[in-house]
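Only heavy atoms go into these numbers, but all of them, side chains included; no hydrogens, no water, no symmetry mates.
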Amino acid sequence: MKQSNRLGERFDWTLAFIIMLFGVISLVVIGSAQTSEQYTQNFVIKQVRWYILGSFIVAMVMYFEPDQYKKVSWYFYGFGIFLLLFLMLAPGGPGQIAEMRYNAKRWLHLPVIGTIQPAEFIKTFFILGLARMVSSHNEMTLLRTYQTDLKLLGKIALMLVVPLFFIMKQPDLGTSLVFISITAAVVIVSGISWKLLVPLFSIGAVSGAGLLWMALYAQDFLDKIGFSPYQFKRVYSWLDPYSYPTDEGYNLITAMTAIGSGELTGKGFLGRIVYIPENHTDFIFSVIGEEYGFIGACIVITLYFILIYHLTKVALSLHDPFSVYVCTGVIAMIAFHVFENIGMNIQLLPITGIPLPFISYGGSSIFSNMLAIGLIFSMKFHHRTYMFASDDED
C-alpha cells in the first residue's frame, strides 16, 4: 500500500468547492428570506457562524483515520441512543431542558451551546454504527448463505428499530424516513443476496401503499394502533391542500404559489411577494423558485446532483468496506433530504419538516451535514492505494 504525503493531493478540493458554493447560495437566499416581517433577527450572521464552526468540525473529523472511527463507532451509536432517551425523559416546556415546538419534543436547550436537535447528529452516529456492524459481520463470514444473510438482516433491523422507536415518540416522521433510507442504501451494498432483498423491498413498498390506503379509508384502525389525527391531516393536506387552506395546507399552497410565480427566470433578489412561514428553513426552496425561477431551481438541483455524483465516485474509489458503507449512508442521507425537501415544496411528497442540506438555516442541520461530510473528507484524505491497483483508479 502507498499513500501520498502531499496535502494537496490527499485533500478533496472538489468537495470543498461544492460545499463552498452551497454556503454562498445559503447566505444569499437566507438574506432574502429574512426580510419578511415575521423575522426580527439576522439569520445570515448566524448562518455564517454555523458554517465557520462547521468548517472546524470538518477539519477535526478529517484528522482521524477511518480505522479509528471504526473502533469507536459503537460508542457514537450508544451516545446517540442515550441522547434520544434523555430527550424523551427530559421535562419539556418553557424554561425546561427539552423544548416543545409544534407539539413535538425534538430539541434540547443546553447552556452556552443553545438549542440543538439531537436527531440531526444521530443520523451520522447511526451511519457509523451500521457501517461497523455490517463490515464486521462480512469479515467474520467466510461463506455467504441465506442463513448468514438473514442473520445480518436481523442485526440491521435491531439497530434500526432502537433509534426509530425514540424518534417516532417525538414524533418525527421525516427523520424516521431518513433512517430507513440510510438503512436501505447500506443493505443494498452490503452483499446480501437479491433473492432476499427483492421480496423484502417489495413487502416494504406494499406496506407503505397499505398505510396510505388506510390513512384514507381506514382511519379508525390506524387510530387504534397509535397513529395520531395530525398525521392523517398531513396526508389529507398533501393530497388536497386547498381543502385545508388555513391550517395544514397553508404552507404547501403558499410554497407552490411562490414557486409558480417565479416562472422561468424569477423575480430577482429581494423580489419576493408571497408570504411563507419558516421560509428560511424547511421552505427555503420556495424562495429560490420565486426569486430565481425555474432556471435558478434547476441550477441548485444540478449542484446537488454533482455533489451526489462526486460522493459516489469517492465511495467507488475506496477499498475498505467500512469506509464504503459510511459513504453510502452519507449519500443516502443527503439524497433523501434533497428529494424530500424539494418534493414537499412542490406537492410531490407530504410535508415532513426536513431541511434542505447546506442551504436551510439551522445550526443543528449545518453541523450534522458537516459532520457527515467530514467523514467523507477523512475517507478520501487517509485513503491508501495498493501498489498493484489499476492505473485507471482515481
Side-chain angles (χ1 to χ4, degrees), residues 17-52 54 174 237-238 241-242 245-246 248-308 334-366 369-370:
F17 180 68
I18 294 172
I19 299 302
M20 185 190 71
L21 289 179
F22 276 119
V24 172
I25 293 171
S26 175
L27 297 179
V28 171
V29 180
I30 290 174
S32 175
Q34 72 178 10
T35 58
S36 299
E37 295 180 359
Q38 60 180 316
Y39 304 125
T40 58
Q41 52 183 312
N42 194 326
F43 292 115
V44 174
I45 299 299
K46 289 188 175 182
Q47 190 77 341
V48 170
R49 182 173 63 185
W50 303 144
Y51 258 100
I52 292 174
S237 63
W238 163 48
Y242 294 97
T246 59
E248 281 80 6
Y250 177 78
N251 284 351
L252 178 56
I253 293 172
T254 53
M256 291 192 296
T257 301
I259 294 171
S261 67
E263 298 183 341
L264 183 63
T265 58
K267 303 171 184 175
F269 181 66
L270 298 179
R272 293 178 306 103
I273 59 174
V274 180
Y275 171 81
I276 305 174
E278 306 298 332
N279 62 350
H280 65 307
T281 55
D282 299 342
F283 290 94
I284 199 165
F285 186 77
S286 66
V287 179
I288 296 172
E290 184 176 6
E291 294 194 345
Y292 303 100
F294 178 77
I295 294 177
C298 284
I299 291 174
V300 171
I301 294 172
T302 301
L303 188 57
Y304 278 117
F305 272 113
I306 293 172
L307 171 63
I308 293 170
I334 294 174
F336 184 84
H337 267 258
V338 174
F339 182 65
E340 168 60 30
N341 182 275
I342 295 177
M344 76 180 191
N345 274 266
I346 59 176
Q347 204 187 358
L348 182 64
L349 295 169
I351 294 176
T352 58
I354 293 290
L356 191 60
F358 305 106
I359 295 182
S360 291
Y361 168 81
S364 293
S365 176
I366 293 297
N369 288 321
M370 287 301 206

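Salt-bridge annotation for R272 and E290: absent, with no side-chain N of the basic residue lying under 4.0 Å from a carboxylate O of the acidic one.
Here the side chains of S365 and H337 are not in contact, with every heavy-atom distance at 4.5 Å or above. Within the 4.5 Å cutoff, side-chain heavy atoms of F285 are placed close to those of N341. Here the side chains of P241 and Q347 are in contact, with some heavy-atom distance below 4.5 Å. Using a 4.5 Å heavy-atom cutoff, the side chains of L356 and I359 are in contact. Looking at heavy atoms from C-beta onward, E340 lies in side-chain contact with T352 at the 4.5 angstrom threshold.
Counting all heavy atoms, side chain and backbone alike, N345 lies closest to S286 at OD1-N, 3.6 Å. Closest approach of W50 and G362 over heavy atoms only: CD1-C, 3.8 Å. Closest heavy-atom contact between S261 and K267: OG-NZ, 3.0 Å. Nearest approach of Q47 to S26, heavy atoms of both residues: NE2-OG, 2.9 Å. Scanning both residues, M370 and I19, for their nearest heavy atoms gives CE-CG2, 3.8 Å. When every heavy atom of P277 is checked against every heavy atom of Y250, the shortest pair comes out as CD-CE2, 3.6 Å.
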Trace of the side chain to side chain contact (heavy atoms under 4.5 Å, CB included) decision for I354 with D282 | CA-CA 6 Å; I354 293 290; D282 299 342; over 6 Å; no
Carefully, step by step, assess Y292 and T265 under the rule side chain to side chain contact (heavy atoms under 4.5 Å, CB included).
-> CA-CA 5 Å; Y292 303 100; T265 58; over 6 Å; no
Check step by step if side chain to side chain contact (heavy atoms under 4.5 Å, CB included) holds for E263 and F294.
-> CA-CA 6 Å; E263 298 183 341; F294 178 77; over 6 Å; no
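Summarising the geometry, atom CZ belonging to F43 is positioned 8.5 Å from atom OG1 belonging to T281; distances are rounded to the nearest 0.5 Å. Atom CE of M344 sits about 12.5 Å away from atom CE of M256, to the nearest 0.5 Å. Rounding to the nearest 0.5 Å gives a distance of 10.0 Å between OH of Y361 and CD1 of I366. Distance check: I276 CD1 to L252 CG gives 10.0 Å after rounding to the nearest 0.5 Å. For the atom pair CG of N251 and CD1 of I351, the computed distance is 5.5 Å after rounding to the nearest 0.5 Å. Rounding to the nearest 0.5 angstrom, the gap separating the CZ atom in F283 from the CD1 atom in I259 is 9.5 Å.
Across I295, I301, T302, a single residue satisfies side-chain contact (heavy atoms from CB on, under 4.5 Å) together with I299, and that is I295. Applying side-chain contact (heavy atoms from CB on, under 4.5 Å) to V29 and the options N279, I284, V44, V24 leaves one that passes, I284.
The environment of F305 atom CZ is sparse: at most 12 non-hydrogen atoms of other residues, nucleotides or ligands sit within 6.0 angstrom.
F358 and Y304 have their aromatic ring centers separated by at least 6.0 angstrom.
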